[in-house]
Amino acid sequence: KGNNMFFKNIFVFEFTRPFTTTQADLEDALQGKAFAPLLASQLSRTGFVSAIGKHGKSLTHSASGNVLMCMREESKILPAPYIKNLVNERIDLIKTEHDRKATKKEREQLKEDVIAELLPQAFTRTVDTQAYINAENNTIVINTSSRSKAEDFLALLRSALGSLPVTSITPKKDISETMTGWLGSAPLVDRFSLGDEAELHEPGDESPITKVKQQDLLGPEVSLLLESDARVTKVSLDYADLASFVLHDDLSIKRIKFSDIISDQNNDIDCDDYVARIDADFTLMTSELNKMITDLHGEFAFNARDYLDV
């Protein structure tokens, strides 16, 4: 199945200077930060792996002006309570044998010793995070639901390239205010329509969060919330007949579902030709996603090229 190429959750960042690195130079730079397996004594390790998985060797894969990359993070799973118990046992031993409390330095050393002993037999967790750069649109799109994971990707890419002039999107139009308007006085235009799910915050720090699901967002219940000055912080949207997603008030896009029109489009490609299918799916996905991102940014009256310091 080729659909693992379709991104599910995304953070979009903008370049503040045009991205002019060629694919060949980018490939070389990423090779300098290529992933190497964890050593027995290491807690975690991060690096770039094949952009298209086990069927490829290159750390980049390009299609229609979009360059795909993949970061792998491998980390040992060491449950904190288990470590704490073992350390406490050894602290108690010092008290029993030497009739004194362990010093701060001894406690730190005991913790280090316990971790060093556990590391070789600890389980390993592997997480891959894909992203692509579209230089023409001036964007980098990262496939993750976690902002910190997106920042990790940017940090690794920055260390590979030496510099990475990117920024988060902060439109002049207030995001939450604009989203609230869609449910009231300023309906969506262009190719978007409201879904059936939203999250609203009423004024005040301690105020309740109301989650609305499978309801008409233009209906009476939501109208009442808006009358009490509730603000929308998440809303589900449909994009033409091509995709649905949930937009958050940090402009992250979650739970992207491409319609069957899109996800089944490449089903005629031979399943055994994995690389051809991945390439076709990546081309198709980026084509739709780039249009969707551009149109969505249009709803907030800005363009990705607005961020260039030129």
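One-based numbering along the sequence shown. Because the structure is predicted, anything quoted here is derived from the model rather than measured.
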So which atom in Pro18 and which in Asn138 form the shortest heavy-atom distance, rounded to 0.1 Å? CA-OD1, 4.4 Å
CG on Leu118 to NZ on Lys76, rounded to 0.5 Å: 10.5 Å
Membership question, hydrophobic clusters at under 4.5 Å side-chain separation (ILVMFWY): are Leu110 and Tyr82 in the same one? yes
Does the side chain of His61 reach to within under 4.5 Å of the side chain of Gln23, using non-hydrogen atoms? no
Rounded to the nearest 0.5 angstrom, the CD1-OG1 distance for Ile175 and Thr180 is 11.5 Å
With side chains defined as the heavy atoms from C-beta onward, is the minimum distance between Lys111 and Ile83 less than 4.5 Å? yes
For the residue pair Tyr239 and Phe192, categorise the inter-ring angle as parallel (less than 30°), tilted (30 to 60°) or perpendicular (more than 60°). tilted
Glu108/Lys104 ion pair, N-O < 4.0 Å: yes
Between Asp281 and Arg277 (salt bridge meaning N to carboxylate O under 4.0 Å), is one present in this structure? yes
Are Ile261 and Met5 linked, directly or through intermediate hydrophobic residues, by side-chain heavy-atom contacts shorter than 4.5 Å (ILVMFWY only)? no
For residues Cys70 and Ser50, report the shortest heavy-atom separation together with the two atoms involved. CB-O, 3.8 Å
When every non-hydrogen atom of Ala63 is compared with those of Phe282, the smallest separation belongs to CB-CD2, 3.8 Å
Which class fits the ring pair Tyr132 and Phe7: parallel under 30°, tilted 30 to 60°, perpendicular over 60°? tilted
Nearest 0.5 angstrom please: Ser252 OG to Leu247 CG, how far? 7.0 Å
From CA spacing to verdict: side-chain contact (heavy atoms from CB on, under 4.5 Å), Gln214, Glu197: CA-CA 6 Å; Gln214 294 178 325; Glu197 190 179 323; over 6 Å; no
Determine whether Val246 and Ile262 fall in the same hydrophobic cluster, where Ile, Leu, Val, Met, Phe, Trp and Tyr are linked whenever their side-chain heavy atoms lie under 4.5 Å apart. no
Using a 4.5 Å cut-off on heavy atoms from C-beta on, say whether the side chain of Leu119 contacts that of Gln42. no
salt_bridge(Lys105, Glu112) N-O dist < 4.0 Å: no
Is the shortest side-chain N to carboxylate O distance from Glu106 to Arg100 below 4.0 Å? yes
Short side-chain donor-acceptor distance under 3.5 Å, Ser146 and Ser148: yes
Measure the CD1-CD1 distance between Ile293 and Ile253 for me, rounded to the nearest 0.5 Å. 5.5 Å
Determine yes or no for a side-chain-to-main-chain donor-acceptor pair under 3.5 angstrom, with Arg107 supplying the side chain and Ala102 the backbone. yes
Donor-acceptor side-chain pairing of Asp279 and Tyr274 below 3.5 angstrom: no
Taking the side chain as everything from C-beta on, heavy atoms only, tell me whether Lys291 gets closer than 4.5 Å to Leu242. no
When every non-hydrogen atom of Ala122 is compared with those of Leu78, the smallest separation belongs to CB-CD2, 3.7 Å
Please determine which of Leu237, Val235, Leu200, Val232 meets the side-chain contact (heavy atoms from CB on, under 4.5 Å) test together with Leu217. Val235
Establish, from distance only, whether the side-chain atoms of Arg147 and Ser168 form a donor-acceptor pair under 3.5 Å. yes
Nearest heavy atoms of Lys254 and Asn9, plus distance in Å: CA-OD1, 3.3 Å
Side-chain donor-acceptor contact under 3.5 Å, Asp113 with Gln109: yes
Assess the side chains of Glu74 and Thr124: does a donor N or O sit below 3.5 Å from an acceptor N or O? no
Would you give the length of the straight line joining atom CD of Glu288 to atom CD1 of Ile256, rounded to the nearest 0.5 angstrom? 12.5 Å
Whether Asp174 and Arg231 form a salt bridge (side-chain N of Lys/Arg under 4.0 Å from carboxylate O of Asp/Glu) is what I want to check. yes
Please check if atom CG in Asp28 has more than 12 non-hydrogen atoms from other residues, nucleotides or ligands closer than 6.0 Å. yes
Single-linkage hydrophobic cluster, 4.5 Å side-chain cutoff, Val141 and Phe300 together: yes
Verify side-chain contact (heavy atoms from CB on, under 4.5 Å) between Leu164 and Phe15, making sure each step is shown before the conclusion. CA-CA 8 Å; Leu164 187 70; Phe15 287 96; 4.0 Å; yes
Are Leu43 and Phe35 in one and the same hydrophobic cluster, where Ile, Leu, Val, Met, Phe, Trp and Tyr link if side-chain heavy atoms are under 4.5 Å apart? no
Between Gln31 and Glu27, a side-chain donor and acceptor under 3.5 Å: yes
Taking atom CG of Asp270 as the centre, does the number of heavy atoms from other residues, nucleotides or ligands within less than 6.0 Å exceed 12? yes
For a quick check under 3.5 Å, do Asn66 and Ser64 share a side-chain donor-acceptor pair by atom type? no
Once you measure the plane-to-plane angle for Phe11 and Phe13, does it fall in the parallel (<30°), tilted (30-60°) or perpendicular (>60°) bin? parallel
Using a strict threshold of under 4.0 Å (side-chain N to carboxylate O), is an ion pair present between Lys149 and Glu73? yes
Could you go step by step and tell me if Met71 and Val127 meet the side-chain contact (heavy atoms from CB on, under 4.5 Å) rule? CA-CA 8 Å; Met71 170 182 85; Val127 178; over 6 Å; no
Gap between atom CG of Asp152 and atom CG of Leu157 - 0.5 Å precision: 12.5 Å
Looking only at non-hydrogen atoms, find the nearest pair between Leu30 and Ala160 and report the distance. CD2-CB, 4.2 Å
For a side-chain contact (heavy atoms from CB on, under 4.5 Å) check, start with the C-alpha distance between Asp216 and Leu194, then their side-chain angles and the critical distance, and finish with the verdict. CA-CA 9 Å; Asp216 177 4; Leu194 291 171; over 6 Å; no
